[in-house]
Amino acid sequence: TVRETIGIATDGNTIYSRCMTDSVLAVDTRENNYTLRWKSSAHFGYDHNPSMLIEMNGVIIFGTKNGLICGVGSRDGKLLWQHKIGNTSVQTITPLKQREFLITTLDGKVGRIKF
């Protein structure tokens, strides 16, 4: 199921993964067996960008190979928002402070996003 990239919840109890076509999922880390918490579609299309998923304040944020930034609810996987910042890969997004992130792209763009 998981091939592209993972991230871990701030409390360490969940691993998040973004798969190659639209899917984001959450797996419980406290179980000895694979225990899927949820799986949902984030509508980002085909993607193989290896940037990690970052979770903060109930939102998982990640970027795609096509310059799309997505915010997904960590509780249920519901797509909360998307924002297109360019046409190239968004690297792993860096949390700065509550609801504020630093974003860089493969073509050299640097930005800050608040939600």
Side-chain angles (χ1 to χ4, degrees):
T1 301
V2 175
R3 179 177 166 172
E4 290 311 306
T5 185
I6 64 171
I8 191 162
T10 53
D11 66 8
N13 294 331
T14 307
I15 290 180
Y16 304 110
S17 178
R18 183 178 45 79
C19 303
M20 288 177 63
T21 306
D22 291 324
S23 296
V24 179
L25 58 89
V27 177
D28 194 323
T29 62
R30 297 169 293 179
E31 301 292 329
N32 289 331
N33 298 318
Y34 179 85
T35 304
L36 183 67
R37 286 190 175 179
W38 51 258
K39 183 176 181 179
S40 67
S41 178
H43 306 287
F44 53 79
Y46 173 77
D47 190 72
H48 57 269
N49 185 16
S51 67
M52 291 176 25
L53 292 87
I54 303 297
E55 186 262 337
M56 181 185 279
N57 299 316
V59 177
I60 303 162
I61 186 170
F62 61 89
T64 71
K65 70 178 180 73
N66 297 319
L68 188 64
I69 301 169
C70 302
V72 175
S74 63
R75 178 177 277 187
D76 57 7
K78 180 181 176 185
L79 179 63
L80 303 173
W81 50 266
Q82 290 183 327
H83 181 70
K84 180 93 166 160
I85 64 165
N87 293 310
T88 190
S89 293
V90 177
Q91 282 126 1
T92 298
I93 296 169
T94 305
L96 296 174
K97 56 185 177 180
Q98 189 171 9
R99 301 195 180 278
E100 189 174 343
F101 297 87
L102 177 66
I103 297 167
T104 59
T105 63
L106 195 58
D107 63 352
K109 290 181 183 171
V110 177
R112 185 176 69 184
I113 187 170
K114 292 181 179 185
F115 67 89

[atom1]/[X] to [atom2]/[Y] distance, rounded to the nearest 0.5 angstrom?
| X | Y | atom1 | atom2 | answer |
| --- | --- | --- | --- | --- |
| I15 | D28 | CD1 | CG | 9.5 Å |
| D11 | S74 | CG | OG | 8.5 Å |
| N13 | E31 | CG | CD | 10.5 Å |
| I61 | M52 | CD1 | CE | 13.0 Å |
| I113 | L96 | CD1 | CG | 11.5 Å |
| L106 | N87 | CG | CG | 12.0 Å |

Does any part of the side chain of R112, heavy atoms only, come nearer than 4.5 Å to the side chain of F101, both counted from C-beta? no

Same cluster for W81 and I93 if Ile/Leu/Val/Met/Phe/Trp/Tyr side chains link at under 4.5 Å? yes

Please list, chain by chain and in numerical order, all residues satisfying side-chain contact (heavy atoms from CB on, under 4.5 Å) with N57, sequence neighbours excluded.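 With sequence neighbours excluded, N57 shows a side-chain contact (heavy atoms from CB on, under 4.5 Å) to Q98, R99, given in chain and number order.
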
Return the set of residues passing side chain to side chain donor-acceptor pair (under 3.5 Å) with Q91 (not counting sequence neighbours), or none when no residue passes.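 Q91: side chain to side chain donor-acceptor pair (under 3.5 Å) contacts with T104.
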
May I ask you to decide whether K78 forms a salt bridge with D76, counting only side-chain N to carboxylate O separations under 4.0 Å? no

Do you know which two heavy atoms are closest between [X] and [Y], and how far apart they sit?
| X | Y | value |
| --- | --- | --- |
| S40 | G77 | OG-O, 2.6 Å |
| M56 | K97 | SD-O, 3.6 Å |
| L36 | A26 | CD1-O, 3.4 Å |
| G86 | K109 | CA-NZ, 3.8 Å |

In chain order, what residues pass the salt bridge (Lys or Arg N to Asp or Glu O under 4.0 Å) check against D22, with sequence neighbours excluded? none

With sequence neighbours excluded, what pairs up with K114 under the salt bridge (Lys or Arg N to Asp or Glu O under 4.0 Å) test? none

Test side chain to side chain contact (heavy atoms under 4.5 Å, CB included) applied to T94 and T92, step by step: CA-CA 6 Å; T94 305; T92 298; 5.7 Å; no

Please determine which of D47, T5, N49 meets the side-chain hydrogen bond (donor to acceptor under 3.5 Å, both in side chains) test together with R18. D47

Is a donor from one side chain sitting under 3.5 angstrom from an acceptor on the other, for R37 and T14?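 Note: R37 and T14 side chains meet the donor-acceptor criterion.
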
Is it true that the side chains of T64 and N66 contain a donor and an acceptor less than 3.5 Å apart?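 There is no such pair (donor and acceptor under 3.5 Å, judged by atom type) between the side chains of T64 and N66.
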
Return yes if some donor-acceptor pair links the side-chain N/O of Q82 with the main-chain N/O of C70 below 3.5 Å, else return no.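 Side chain of Q82 to backbone of C70, a donor-acceptor pair under 3.5 Å: no, none is there.
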
Sequence neighbours excluded, which residues qualify as ring pair (Phe, Tyr, Trp, His ring centres under 6.0 Å) partners of H83?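 With sequence neighbours excluded, H83 shows a ring pair (Phe, Tyr, Trp, His ring centres under 6.0 Å) to no residue whatsoever.
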
Hydrophobic clusters join Ile, Leu, Val, Met, Phe, Trp and Tyr when side-chain heavy atoms are under 4.5 Å apart, directly or via other members; which others share one with L68? Y16, V24, W38, F44, L53, I60, F62, V72, L79

